[in-house]
Q: 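So that we are looking at the same thing, I have put the structure below in structure tokens.
These numbers were taken from a predicted model, which means no experiment stands behind them.
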Amino acid sequence: MVVPSPTSSKIASNKTKAMGIPTIDLSMERSQLSQTVVKACEEYGFFRVVNHNVPKEVIARLEEEGAEFFSKPSHEKRRAGPASPFGYGFTNIGPNGDMGDLEYLLLHANPLSIAQISKTIANDSTKFSTVVKEYVEVVKEVTCEILDLVVEGLGVADKSGLSRLIRDFDSDSVLRMNHYPPLKVKWKGNKNSIGFGAHSDPQMLTIMRSNDVGGLQIYTREGLWLPVPPDPTNFFVMVGDVLQVMTNGKFMSVRHRALTNTSEARMSMIYFAAPPLDWWIAPLPEMVSPPENESVYKAFTRAQYKEATYSLRLGDSRLDLFRAQIDTHLLSSSQSQFQR
């Protein structure tokens, strides 16, 4: 079942604390598990996964490689950049003026791409490449297991329809490692700094893991920012925009942000699962039943959506551009909602 995990942030309201974070145990009985995953995706768009069978050593090795890279002098790290979009980047988030207090590595999840870019990142590029590939493979399997549970719980005929897109060699999945250095200034009143601004993820599903330092917050349906307690041994799963479209809005992609309000550095490792660039994205047939339940979105390719993502600001609502009927007033208000 979905078990609420208590939050520990002192800044959270009592209402926020009572909501908790859903936790899903992947060792549960299969039929119950599929319904539990669907419920968490539908009600929260976010949940924690335990008993995922990913070896701790695989996680630890990637964290060690990330820590080694981010501890290098700036001039050495910049040899792996600038991110365009892959490689090393800092401060700038995307091409449209969004900024944050972080540095990052963005890698395409394709094994050939990982091997190539590793040469600019690590002194021992073979070791770095091997560690990254190993991590990508195991988190991809967790992702595919969750997607298979989703389609099973939704009653979709093609039981591997979603996971097959992620296993495709041409999948547009990526791995991102974010490093949030500790604040250099102790603000009066412990003022928060935005490490990564509010946004939803433009992929299908996000699998995130961080070290034992907090900072992640999700935006709830009740309009509250809910702090997420770190859990370095498990994963947090977020519904992305693509899955929202494929479920015709039954699932909602979750907005989230990262704060750097601590004296300790935070590092997160995020796998973004996405279909191939030429794949047409549209609501699954089982999610549409005219005339009562028309398709909310028009069909578009992953490449078209990626282009729209890079053309907008981080907090803009990209999906409004792909609604079957665009409400221009809604589009204008949604683009400014999270920039205040």
Side-chain angles (χ1 to χ4, degrees), residues 21-22 37 40-42 44-49 83 85-86 89 93-96 98 100 102 104-109 136 139-140 142-144 146-147 150 162 165-166 171-178 194-210 215-221 225-226 228 235-247 249-259 268-277 279 281 297 300-322 334-335 337-338:
I21 301 295
V37 169
C41 289
E42 188 173 3
Y44 295 85
F46 179 89
F47 53 91
R48 183 173 69 118
V49 165
F86 302 114
I93 303 172
N96 299 311
D98 293 292
L102 83 162
Y104 63 88
L105 280 173
L106 183 62
L107 314 173
H108 198 286
V136 165
V139 294
K140 179 167 64 177
V142 173
T143 303
C144 290
I146 293 170
L147 290 174
V150 164
L162 298 185
L165 297 174
I166 307 308
S171 161
D172 193 41
S173 301
V174 299
L175 179 71
R176 184 179 182 114
M177 300 180 70
N178 288 337
I194 300 295
F196 208 114
H199 65 287
S200 63
D201 293 332
Q203 292 85 7
M204 185 182 294
L205 205 67
T206 300
I207 309 294
M208 194 214 77
R209 179 265 173 198
S210 73
L216 176 65
Q217 296 186 338
I218 62 169
Y219 194 71
T220 69
R221 309 283 170 83
W225 282 108
L226 177 63
V228 179
F235 296 100
F236 291 100
V237 178
M238 304 182 200
V239 170
D241 294 345
V242 170
L243 193 54
Q244 177 173 326
V245 172
M246 299 186 81
T247 60
K250 183 178 179 68
F251 298 170
M252 298 291 287
S253 56
V254 62
R255 282 191 174 265
H256 53 284
R257 67 183 182 184
L259 304 184
S268 58
M269 298 131 59
I270 315 111
Y271 176 73
F272 299 97
L277 288 172
W279 185 262
I281 299 165
Y297 303 97
F300 54 92
T301 65
R302 165 66 184 160
Q304 290 171 335
Y305 195 60
K306 196 170 185 177
E307 183 179 359
T309 298
Y310 283 119
S311 71
L312 299 172
R313 297 293 300 272
L314 180 66
D316 289 348
S317 181
R318 302 169 290 264
L319 281 179
D320 286 339
L321 296 175
F322 296 90
S334 64
Q335 288 182 342
Q337 180 181 2
F338 289 90

Q: Does a side-chain heavy-atom distance below 4.5 Å link Asp201 with Phe272?
A: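 Side-chain contact under 4.5 Å: yes.
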Q: Out of curiosity, Gln244 CD to Ser253 OG, how far, rounded to the nearest 0.5 Å?
A: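 Answer for the CD-OG pair, Gln244 versus Ser253, is 4.0 Å.
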Q: Ignoring hydrogens and geometry, is there a side-chain-to-backbone donor-acceptor pair from Ser171 to Ala274 under 3.5 Å?
A: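 Looks like yes, one N/O pair under 3.5 Å.
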Q: I would like to know whether Phe251 and Val150 meet side chain to side chain contact (heavy atoms under 4.5 Å, CB included); could you show each step before the answer?
A: CA-CA 10 Å; Phe251 298 170; Val150 164; 3.7 Å; yes
Q: Just jot down the ring-ring contact (aromatic ring centres under 6.0 Å, His included) partners of Tyr297, sequence neighbours excluded, or say none.
A: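 Counting only residues at least two positions away or on another chain, Tyr297 forms no ring-ring contact (aromatic ring centres under 6.0 Å, His included).
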Q: What's the separation between atom CG in Leu319 and atom CG in Asp241, rounded to the nearest 0.5 Å?
A: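 Interatomic distance, Leu319 CG to Asp241 CG, rounded to 0.5 Å: 4.0 Å.
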Q: List the atom of Arg176, the atom of Leu106, and the distance in Å for their closest heavy-atom pair.
A: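 Closest heavy-atom pair between Arg176 and Leu106: CB-CD1, 3.8 Å.
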Q: Measure the spacing between CG of Asn178 and CD1 of Ile270 and express it to the nearest 0.5 Å.
A: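 Nearest 0.5 Å value for the CG-CD1 distance: 4.0 Å.
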Q: Side chain to side chain contact (heavy atoms under 4.5 Å, CB included) for Val237 and Val142? Distances and angles first, verdict last.
A: CA-CA 10 Å; Val237 178; Val142 173; 5.8 Å; no
Q: What closest approach, in Å, do Phe86 and Leu107 show between heavy atoms, and which atom pair accounts for it?
A: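 It is CD2-C, 3.9 Å.
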Q: Would you indicate whether the side-chain heavy atoms of Val49 and Ile207 approach each other to under 4.5 Å?
A: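 No - every pair of side-chain heavy atoms lies 4.5 Å or more apart.
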Q: Between atom CE of Met238 and atom CG of Leu216, what is the distance when rounded to the nearest 0.5 Å?
A: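 The CE atom of Met238 sits 4.5 Å away from the CG atom of Leu216.
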Q: How many angstroms lie between CZ in Arg318 and OG in Ser200, if you round to the nearest 0.5 Å?
A: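 If we round to the nearest 0.5 Å, Arg318:CZ and Ser200:OG are 4.0 Å apart.
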Q: Please report the closest heavy-atom contact between Val254 and Ile218, naming both atoms and the distance.
A: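 Closest approach of Val254 to Ile218: CG2-CB, 4.0 Å.
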Q: Out of the candidates Phe47, Tyr271, Phe46, only one should pair with Phe236 under the ring pair (Phe, Tyr, Trp, His ring centres under 6.0 Å) rule; please name it.
A: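 It is Phe46; the other options fail the test.
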Q: Under 4.5 Å between any side-chain heavy atoms of Met252 and Val239, yes or no?
A: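 A side-chain contact under 4.5 Å is absent here.
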Q: Answer whether the closest heavy-atom distance between the side chains of His199 and His256 falls below 4.5 Å.
A: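 The answer is yes, as the side chains (C-beta and beyond) meet within the 4.5 Å cut-off.
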Q: Answer whether the closest heavy-atom distance between the side chains of Arg302 and Leu277 falls below 4.5 Å.
A: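 Counting from C-beta outward, Arg302 and Leu277 do come under 4.5 Å.
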Q: With the side chain counted from C-beta on, respond yes when Phe196 and Leu314 share a heavy-atom pair under 4.5 Å apart, and no when they do not.
A: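 Touching, per the 4.5 Å side-chain cut-off.
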Q: Does any non-hydrogen side-chain atom of Leu321 lie less than 4.5 Å from one of Leu312?
A: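 Yes, side chains in contact.
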Q: Leu162 versus Leu243: any side-chain heavy-atom pair under 4.5 Å?
A: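 Answer yes - side chains close enough.
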Q: Return the minimal non-hydrogen interatomic distance between Asp172 and His108, and the atom names on each side.
A: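 That would be OD1-NE2, 3.5 Å.
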Q: For the atom pair CG (Leu105) and CE (Met177), what is the distance rounded to the nearest 0.5 Å?
A: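 Taking CG in Leu105 and CE in Met177, the distance rounds to 6.5 Å.
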Q: Does a sphere of radius 6.0 Å around NZ in Lys250 hold more than 12 heavy atoms from other residues, nucleotides or ligands, not counting ones at 6.0 Å or beyond?
A: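 No.
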Q: I need the minimum non-hydrogen distance between Ile166 and Pro275, along with the two atoms involved.
A: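 Scanning both residues completely, I find the closest heavy atoms to be CD1-N, 4.3 Å.
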Q: Mind listing the closest non-hydrogen atom pair of Pro202 and Thr309 along with its distance?
A: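 So the minimum-distance heavy-atom pair works out to CB-OG1, 3.6 Å.
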